[in-house]
Number of protein chains: 2
Amino acid sequence: MGKQMTEMLKGTLEGIVLAILAAQPAYGYEITARLREQGFTDIAEGTVYALLVRIEQRGLVDVAKVPSEKGPPRKVYTLNAAGNSYLAEFWNTWSFLAERIGHLHRNNHSQEKGE
Amino acid sequence: MGKQMTEMLKGTLEGIVLAILAAQPAYGYEITARLREQGFTDIAEGTVYALLVRIEQRGLVDVAKVPSEKGPPRKVYTLNAAGNSYLAEFWNTWSFLAERIGHLHRNNHSQEKGE
DNA sequence: ACCACTACATAGTAACACTGAGTACACGAA
DNA sequence: TTCGTGTACTCAGTGTTACTATGTAGTGGT
(Lines give C-alpha, C1' and ligand atoms only; values in the text may rest on other atoms or scores of the structure.)
Protein backbone atom coordinates (compact mmCIF):
# COMPACT_ATOMS: atom_id res chain seq x y z
CA MET A 1 0.00 0.00 0.00
CA GLY A 2 1.12 3.57 -0.52
CA LYS A 3 2.91 5.03 2.44
CA GLN A 4 0.67 8.09 2.34
CA MET A 5 -2.44 5.93 2.61
CA THR A 6 -0.92 3.97 5.49
CA GLU A 7 -0.33 7.14 7.46
CA MET A 8 -3.66 8.65 6.53
CA LEU A 9 -5.52 5.57 7.74
CA LYS A 10 -4.15 6.13 11.21
CA GLY A 11 -7.07 7.45 13.19
CA THR A 12 -9.53 7.01 10.34
CA LEU A 13 -9.50 3.23 9.95
CA GLU A 14 -10.91 2.92 13.43
CA GLY A 15 -13.80 5.20 12.48
CA ILE A 16 -14.35 3.32 9.25
CA VAL A 17 -14.68 0.02 11.08
CA LEU A 18 -16.98 1.52 13.70
CA ALA A 19 -19.14 2.93 10.91
CA ILE A 20 -19.34 -0.51 9.33
CA LEU A 21 -20.38 -1.95 12.67
CA ALA A 22 -22.95 0.80 13.12
CA ALA A 23 -24.64 -0.40 9.95
CA GLN A 24 -24.79 -3.94 11.33
CA PRO A 25 -22.85 -6.29 13.63
CA ALA A 26 -20.04 -8.20 11.98
CA TYR A 27 -17.02 -10.42 12.68
CA GLY A 28 -13.41 -9.82 11.82
CA TYR A 29 -13.09 -11.82 8.66
CA GLU A 30 -16.30 -10.30 7.36
CA ILE A 31 -15.15 -6.76 8.16
CA THR A 32 -11.92 -7.36 6.26
CA ALA A 33 -13.91 -8.57 3.27
CA ARG A 34 -16.25 -5.59 3.47
CA LEU A 35 -13.31 -3.19 3.57
CA ARG A 36 -11.93 -4.80 0.42
CA GLU A 37 -15.32 -4.42 -1.28
CA GLN A 38 -15.30 -0.75 -0.38
CA GLY A 39 -12.00 -0.22 -2.15
CA PHE A 40 -9.56 -0.71 0.71
CA THR A 41 -7.98 -3.64 -1.08
CA ASP A 42 -4.67 -3.61 0.72
CA ILE A 43 -5.66 -3.63 4.36
CA ALA A 44 -4.10 -6.68 6.02
CA GLU A 45 -6.18 -9.06 8.10
CA GLY A 46 -3.82 -8.60 11.02
CA THR A 47 -4.50 -4.88 11.01
CA VAL A 48 -8.22 -5.42 11.38
CA TYR A 49 -7.91 -7.95 14.17
CA ALA A 50 -5.55 -5.75 16.12
CA LEU A 51 -7.99 -2.86 15.76
CA LEU A 52 -10.88 -5.02 16.94
CA VAL A 53 -8.91 -6.02 20.03
CA ARG A 54 -8.37 -2.33 20.79
CA ILE A 55 -11.98 -1.24 20.42
CA GLU A 56 -13.09 -4.22 22.49
CA GLN A 57 -10.69 -3.33 25.29
CA ARG A 58 -11.98 0.24 25.24
CA GLY A 59 -15.52 -1.05 25.64
CA LEU A 60 -16.86 0.38 22.38
CA VAL A 61 -18.31 -2.93 21.25
CA ASP A 62 -20.03 -5.99 22.66
CA VAL A 63 -18.71 -9.37 21.60
CA ALA A 64 -20.50 -12.65 21.02
CA LYS A 65 -18.99 -15.96 19.96
CA VAL A 66 -20.99 -17.60 17.22
CA PRO A 67 -20.21 -21.02 15.68
CA SER A 68 -19.40 -21.04 11.97
CA GLU A 69 -20.23 -23.66 9.37
CA LYS A 70 -16.91 -23.18 7.69
CA GLY A 71 -14.16 -22.81 10.24
CA PRO A 72 -13.43 -21.69 13.77
CA PRO A 73 -16.10 -19.84 15.75
CA ARG A 74 -16.70 -16.20 14.83
CA LYS A 75 -16.36 -13.25 17.15
CA VAL A 76 -19.29 -11.03 16.27
CA TYR A 77 -18.84 -7.39 17.26
CA THR A 78 -21.80 -5.12 17.98
CA LEU A 79 -21.49 -1.38 18.50
CA ASN A 80 -22.79 -0.42 21.96
CA ALA A 81 -23.79 2.92 23.46
CA ALA A 82 -20.22 3.97 24.20
CA GLY A 83 -19.23 2.99 20.67
CA ASN A 84 -22.06 5.02 19.20
CA SER A 85 -21.09 8.16 21.05
CA TYR A 86 -17.44 7.60 20.15
CA LEU A 87 -18.47 7.25 16.52
CA ALA A 88 -20.48 10.47 16.72
CA GLU A 89 -17.34 12.20 18.00
CA PHE A 90 -15.40 10.67 15.14
CA TRP A 91 -17.81 12.16 12.61
CA ASN A 92 -17.41 15.58 14.21
CA THR A 93 -13.64 15.38 14.06
CA TRP A 94 -13.72 14.05 10.52
CA SER A 95 -16.15 16.72 9.33
CA PHE A 96 -13.96 19.47 10.70
CA LEU A 97 -10.83 18.05 9.11
CA ALA A 98 -12.49 17.28 5.78
CA GLU A 99 -13.90 20.77 5.57
CA ARG A 100 -10.53 22.43 6.32
CA ILE A 101 -8.64 20.24 3.90
CA GLY A 102 -11.32 20.59 1.25
CA HIS A 103 -10.85 24.31 1.53
CA LEU A 104 -7.11 24.00 0.99
CA HIS A 105 -7.70 21.64 -1.92
CA ARG A 106 -9.96 24.07 -3.73
CA ASN A 107 -7.51 26.90 -3.17
CA ASN A 108 -4.62 24.89 -4.54
CA HIS A 109 -6.56 23.90 -7.60
CA SER A 110 -7.80 27.32 -8.48
CA GLN A 111 -4.22 28.49 -8.11
CA GLU A 112 -2.94 25.87 -10.55
CA LYS A 113 -5.43 27.01 -13.12
CA GLY A 114 -4.56 30.63 -12.57
CA GLU A 115 -8.03 31.60 -11.40
CA MET B 1 -6.29 18.38 21.63
CA GLY B 2 -8.69 15.51 21.18
CA LYS B 3 -7.02 12.15 20.81
CA GLN B 4 -9.04 11.42 17.70
CA MET B 5 -7.81 14.58 16.03
CA THR B 6 -4.22 13.76 16.96
CA GLU B 7 -4.45 10.38 15.30
CA MET B 8 -6.35 11.69 12.32
CA LEU B 9 -3.70 14.32 11.67
CA LYS B 10 -1.12 11.60 11.13
CA GLY B 11 -0.47 11.61 7.44
CA THR B 12 -2.73 14.57 6.77
CA LEU B 13 -0.85 17.30 8.61
CA GLU B 14 2.03 16.80 6.24
CA GLY B 15 -0.26 17.37 3.27
CA ILE B 16 -1.83 20.38 4.93
CA VAL B 17 1.56 22.02 5.40
CA LEU B 18 2.63 21.19 1.84
CA ALA B 19 -0.60 22.72 0.59
CA ILE B 20 0.11 25.88 2.56
CA LEU B 21 3.59 26.00 1.04
CA ALA B 22 2.14 25.44 -2.41
CA ALA B 23 0.16 28.64 -2.01
CA GLN B 24 3.32 30.53 -1.11
CA PRO B 25 6.70 29.99 0.57
CA ALA B 26 6.71 30.38 4.34
CA TYR B 27 8.79 29.81 7.46
CA GLY B 28 8.01 27.65 10.47
CA TYR B 29 6.65 30.21 12.84
CA GLU B 30 4.48 31.63 10.08
CA ILE B 31 3.14 28.20 9.15
CA THR B 32 2.20 27.55 12.76
CA ALA B 33 0.35 30.86 12.86
CA ARG B 34 -1.41 30.10 9.58
CA LEU B 35 -2.53 26.71 10.87
CA ARG B 36 -4.02 28.39 13.91
CA GLU B 37 -5.87 30.86 11.69
CA GLN B 38 -7.29 27.95 9.73
CA GLY B 39 -8.77 26.44 12.86
CA PHE B 40 -6.00 24.07 13.93
CA THR B 41 -5.61 25.94 17.19
CA ASP B 42 -3.93 23.18 19.16
CA ILE B 43 -1.06 22.16 16.93
CA ALA B 44 2.16 22.56 18.90
CA GLU B 45 5.06 24.48 17.46
CA GLY B 46 7.36 21.53 18.02
CA THR B 47 5.13 19.39 15.83
CA VAL B 48 5.42 21.78 12.91
CA TYR B 49 9.18 22.13 13.15
CA ALA B 50 9.67 18.38 13.32
CA LEU B 51 7.50 18.00 10.26
CA LEU B 52 9.51 20.64 8.39
CA VAL B 53 12.74 18.80 9.17
CA ARG B 54 11.24 15.64 7.69
CA ILE B 55 10.04 17.18 4.44
CA GLU B 56 13.36 18.95 4.04
CA GLN B 57 15.28 15.69 4.47
CA ARG B 58 13.06 14.05 1.88
CA GLY B 59 13.88 16.84 -0.55
CA LEU B 60 10.31 18.09 -0.98
CA VAL B 61 11.24 21.69 -0.24
CA ASP B 62 14.04 24.16 -0.85
CA VAL B 63 15.25 26.15 2.12
CA ALA B 64 16.60 29.68 2.36
CA LYS B 65 17.78 31.50 5.46
CA VAL B 66 16.39 35.01 5.65
CA PRO B 67 17.24 37.51 8.41
CA SER B 68 14.34 38.68 10.55
CA GLU B 69 13.76 42.10 12.11
CA LYS B 70 12.38 40.54 15.24
CA GLY B 71 14.37 37.51 16.25
CA PRO B 72 16.58 34.76 14.89
CA PRO B 73 16.91 34.26 11.13
CA ARG B 74 13.98 32.59 9.42
CA LYS B 75 14.14 29.35 7.49
CA VAL B 76 11.90 29.97 4.50
CA TYR B 77 10.59 26.78 2.87
CA THR B 78 9.62 26.66 -0.80
CA LEU B 79 7.87 23.71 -2.42
CA ASN B 80 10.01 22.31 -5.25
CA ALA B 81 9.19 19.94 -8.12
CA ALA B 82 9.43 16.82 -5.97
CA GLY B 83 7.25 18.46 -3.37
CA ASN B 84 4.65 19.36 -5.95
CA SER B 85 4.37 15.85 -7.29
CA TYR B 86 4.25 14.50 -3.74
CA LEU B 87 1.45 16.94 -2.99
CA ALA B 88 -0.43 15.81 -6.10
CA GLU B 89 -0.17 12.25 -4.83
CA PHE B 90 -1.44 13.42 -1.46
CA TRP B 91 -4.53 14.92 -3.06
CA ASN B 92 -5.21 11.65 -4.87
CA THR B 93 -4.93 9.66 -1.67
CA TRP B 94 -7.02 12.17 0.22
CA SER B 95 -9.74 12.29 -2.43
CA PHE B 96 -10.06 8.52 -2.42
CA LEU B 97 -10.28 8.36 1.36
CA ALA B 98 -12.64 11.31 1.67
CA GLU B 99 -14.95 9.84 -0.91
CA ARG B 100 -15.06 6.42 0.77
CA ILE B 101 -15.60 7.87 4.22
CA GLY B 102 -18.14 10.37 2.95
CA HIS B 103 -20.07 7.43 1.58
CA LEU B 104 -20.04 5.69 4.96
CA HIS B 105 -21.05 8.93 6.65
CA ARG B 106 -24.10 9.40 4.46
CA ASN B 107 -25.14 5.78 4.98
CA ASN B 108 -24.84 6.09 8.76
CA HIS B 109 -26.87 9.24 8.80
CA SER B 110 -29.69 8.02 6.62
CA GLN B 111 -29.81 4.95 8.87
CA GLU B 112 -30.14 7.08 12.00
CA LYS B 113 -33.08 8.89 10.51
CA GLY B 114 -34.64 5.61 9.39
CA GLU B 115 -34.59 6.49 5.71
C1' DA C 1 -3.11 -37.05 2.59
C1' DC C 2 -3.25 -32.59 0.69
C1' DC C 3 -5.02 -28.12 -0.38
C1' DA C 4 -8.03 -24.17 -0.20
C1' DC C 5 -10.93 -21.37 2.37
C1' DT C 6 -12.53 -19.72 6.62
C1' DA C 7 -11.28 -17.40 11.11
C1' DC C 8 -8.56 -15.44 14.65
C1' DA C 9 -4.05 -14.04 17.09
C1' DT C 10 0.45 -11.82 17.87
C1' DA C 11 5.42 -10.25 18.14
C1' DG C 12 8.24 -6.91 16.07
C1' DT C 13 8.79 -2.59 13.19
C1' DA C 14 8.24 2.10 11.17
C1' DA C 15 6.11 6.42 11.14
C1' DC C 16 4.03 10.23 13.16
C1' DA C 17 2.13 13.90 16.43
C1' DC C 18 2.59 15.42 21.17
C1' DT C 19 4.85 16.95 25.54
C1' DG C 20 8.05 19.67 27.62
C1' DA C 21 12.00 21.78 27.70
C1' DG C 22 15.72 24.64 25.93
C1' DT C 23 18.36 28.23 22.98
C1' DA C 24 18.58 32.73 21.00
C1' DC C 25 17.53 37.45 19.14
C1' DA C 26 15.08 42.14 19.40
C1' DC C 27 12.78 45.65 21.76
C1' DG C 28 10.22 48.29 25.10
C1' DA C 29 9.02 49.04 30.03
C1' DA C 30 10.32 49.20 34.82
C1' DT D 1 20.10 47.66 33.44
C1' DT D 2 17.15 44.18 34.02
C1' DC D 3 12.96 41.99 33.01
C1' DG D 4 9.33 40.53 30.22
C1' DT D 5 7.25 39.67 25.75
C1' DG D 6 7.11 38.31 21.13
C1' DT D 7 9.74 36.12 17.52
C1' DA D 8 12.03 31.86 15.78
C1' DC D 9 14.02 27.41 15.86
C1' DT D 10 15.59 22.67 18.07
C1' DC D 11 15.33 18.23 20.30
C1' DA D 12 14.83 14.06 23.45
C1' DG D 13 11.38 11.10 25.04
C1' DT D 14 6.55 9.12 24.75
C1' DG D 15 2.19 6.98 23.06
C1' DT D 16 -0.56 5.42 19.33
C1' DT D 17 -1.23 3.42 15.10
C1' DA D 18 -0.99 0.38 10.78
C1' DC D 19 2.03 -2.99 8.59
C1' DT D 20 4.75 -7.34 8.04
C1' DA D 21 5.11 -11.92 8.75
C1' DT D 22 3.92 -15.83 10.83
C1' DG D 23 1.27 -19.16 13.40
C1' DT D 24 -2.89 -21.79 14.93
C1' DA D 25 -7.14 -24.20 13.80
C1' DG D 26 -11.52 -25.88 11.87
C1' DT D 27 -14.11 -27.45 7.52
C1' DG D 28 -14.75 -29.59 3.14
C1' DG D 29 -13.29 -31.14 -1.46
C1' DT D 30 -10.10 -34.00 -4.36
Side-chain angles (χ1 to χ4, degrees), chain A residues 1-18 25-36 40-58 60-61 63-77 86 90 93 97, chain B residues 1-18 25-36 40-58 60-61 63-77 86 90 93 97:
Chain A
M1 187 159 34
K3 190 169 148 290
Q4 283 189 344
M5 182 59 92
T6 292
E7 291 307 320
M8 228 181 268
L9 281 175
K10 288 183 182 177
T12 56
L13 182 57
E14 186 175 274
I16 292 169
V17 169
L18 291 178
Y27 53 96
Y29 193 82
E30 185 186 8
I31 292 169
T32 304
R34 205 157 293 178
L35 285 170
R36 296 200 203 286
F40 299 102
T41 52
D42 292 323
I43 292 181
E45 269 191 273
T47 299
V48 175
Y49 287 112
L51 196 162
L52 290 172
V53 167
R54 279 205 302 277
I55 63 177
E56 181 184 354
Q57 281 174 349
R58 287 203 211 128
L60 305 179
V61 288
V63 186
K65 220 154 207 173
V66 177
S68 162
E69 321 83 40
K70 294 182 164 190
R74 297 163 173 168
K75 281 181 76 176
V76 175
Y77 294 84
Y86 188 86
F90 170 80
T93 308
L97 192 62
Chain B
M1 186 158 36
K3 190 171 146 290
Q4 284 189 341
M5 183 59 94
T6 293
E7 293 306 320
M8 229 183 267
L9 281 174
K10 289 185 182 177
T12 57
L13 183 56
E14 187 176 272
I16 292 170
V17 169
L18 291 177
Y27 54 96
Y29 193 82
E30 186 186 8
I31 292 170
T32 304
R34 204 156 298 177
L35 284 170
R36 295 200 202 285
F40 300 101
T41 52
D42 294 322
I43 292 181
E45 270 190 275
T47 299
V48 175
Y49 287 112
L51 195 160
L52 290 171
V53 167
R54 277 204 305 274
I55 65 177
E56 180 183 356
Q57 280 173 348
R58 287 202 211 131
L60 304 179
V61 288
V63 186
K65 221 155 205 172
V66 178
S68 161
E69 321 85 40
K70 294 183 165 187
R74 295 164 174 168
K75 281 180 77 174
V76 175
Y77 294 85
Y86 189 86
F90 170 79
T93 308
L97 193 63

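So you know, we letter chains A, B, ... as the sequences are listed, proteins then strands, and number each from 1.
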Asker: If you look at every heavy atom in A/Val76 and A/Pro25, which pair is closest and at what distance?
Answerer: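 Taking A/Val76 first and A/Pro25 second, the nearest heavy atoms are CG1-CB, 3.9 Å.
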Asker: Heavy atoms of chain A, cut-off under 4.0 Å: which first and last nucleotide of DNA chain C, 5' to 3', fall inside that, if you could look?
Answerer: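 Taking any atom under 4.0 Å from a heavy atom of chain A, the span is C/dT6 to C/dC16.
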Asker: Please report how far the helix from C/dA1-D/dT30 to C/dA30-D/dT1 bends, comparing the axis fitted to its first five pairs with the axis fitted to its last five, to the nearest 10 degrees.
Answerer: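 Both end axes considered, the difference amounts to 10°.
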Asker: Is any side-chain heavy atom of B/Leu18 less than 4.5 Å from a side-chain heavy atom of B/Phe90?
Answerer: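 No, too far: nothing below the 4.5 Å cut-off.
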Asker: Side chains of B/Val66 and B/Tyr27, heavy atoms from C-beta outward: is any pair under 4.5 Å?
Answerer: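 No, side chains not in contact.
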Asker: Using whole Å, what does the distance between atom P of nucleotide D/dT16 and atom CG of A/Leu51 come to?
Answerer: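 Distance check: A/Leu51 CG to D/dT16 P gives 14 Å.
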Asker: Check each of B/Glu45, B/Arg74, B/Arg34 against B/Tyr29 using the side-chain contact (heavy atoms from CB on, under 4.5 Å) test, and report the only one that passes.
Answerer: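 Among the candidates, only B/Glu45 passes.
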Asker: Please confirm whether the shortest side-chain N or O distance from B/Arg74 to OP1 or OP2 of D/dT7 is below 4.0 Å.
Answerer: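 Checking B/Arg74 against D/dT7: no side-chain N or O falls below 4.0 Å of OP1 or OP2.
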Asker: What does nucleotides 21-27 of chain D look like as a protein-contact string, B for base, S for sugar-phosphate only, - for none, at under 4.0 angstrom between heavy atoms?
Answerer: B---BBS
Asker: In the structure I gave you, are the side-chain heavy atoms of A/Leu13 and A/Val48 within less than 4.5 Å of one another anywhere?
Answerer: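 Not touching, per the 4.5 Å side-chain cut-off.
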Asker: Can you measure B/Met8 atom CE to D/dG15 atom P for me and round it to whole angstrom units?
Answerer: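 Result: 22 Å.
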Asker: Would you mind reporting whether B/Glu56 and B/Lys75 have side-chain heavy atoms less than 4.5 Å apart?
Answerer: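 The answer is yes, as the side chains (C-beta and beyond) meet within the 4.5 Å cut-off.
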Asker: By nearest heavy atom, map A/Lys3 and A/Val76 onto DNA chain C; which one lands nearer the 5' end?
Answerer: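 Comparing both residues, the 5'-ward one is A/Val76.
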Asker: State, with a plain yes or no, whether a side-chain heavy atom of B/Val61 is found less than 4.5 Å away from one of B/Leu52.
Answerer: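 Side-chain contact under 4.5 Å: no.
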Asker: For DNA chain D, whose closest nucleotide is more 5', that of B/Glu7 or that of B/Lys65?
Answerer: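 Going by which nucleotide is closer to the 5' end, it is B/Lys65.
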Asker: In whole angstrom, give the distance that lies between atom CD1 of B/Ile43 and atom C1' of D/dC9.
Answerer: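 For the pair B/Ile43 CD1 and D/dC9 C1', the rounded distance is 18 Å.
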Asker: Evaluate the side-chain proximity of B/Leu35 to B/Ile16: yes if any heavy-atom separation is below 4.5 Å, no if none is.
Answerer: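 A side-chain contact under 4.5 Å exists here.
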Asker: Go through the side-chain N and O atoms of A/Glu14 and A/Tyr86 and say whether any donor and acceptor fall under 3.5 Å apart.
Answerer: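 There is such a pair (donor and acceptor under 3.5 Å, judged by atom type) between the side chains of A/Glu14 and A/Tyr86.
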Asker: Please determine whether side-chain contact (heavy atoms from CB on, under 4.5 Å) holds for the pair A/Leu97 and B/Phe40, giving the CA-CA distance in whole Å, both sets of side-chain angles, and the decisive distance to 0.1 Å.
Answerer: CA-CA 9 Å; A/Leu97 192 62; B/Phe40 300 101; 3.7 Å; yes
Asker: Using atom CG of B/Leu52 as one end and atom P of D/dC9 as the other, report the distance to the nearest whole Å.
Answerer: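 Atom CG in B/Leu52 sits about 8 Å away from atom P in D/dC9.
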Asker: For a quick test of reading the model, state the closest non-hydrogen atom pair linking A/Lys65 to A/Pro73 and the distance between them.
Answerer: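 Closest pair (atom of A/Lys65, atom of A/Pro73, distance): CG-CB, 4.1 Å.
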Asker: By the 4.0 Å heavy-atom rule, please label B/Leu13 as base, sugar-phosphate, or nothing.
Answerer: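 The residue B/Leu13 makes sugar-phosphate contact but no base contact.
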Asker: Provide, to the nearest angstrom, the distance between the CZ atom belonging to A/Phe90 and the P atom belonging to D/dT17.
Answerer: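 Nearest whole value for this atom pair: 13 Å.
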Asker: Distance check: side-chain N/O of B/Tyr29 vs OP1/OP2 of D/dC9, anything under 4.0 Å?
Answerer: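 No, outside the criterion.
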Asker: Any donor-acceptor pair under 3.5 Å between the side chain of B/Lys10 and the base of D/dT16?
Answerer: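 Yes, a donor-acceptor pair under 3.5 Å.
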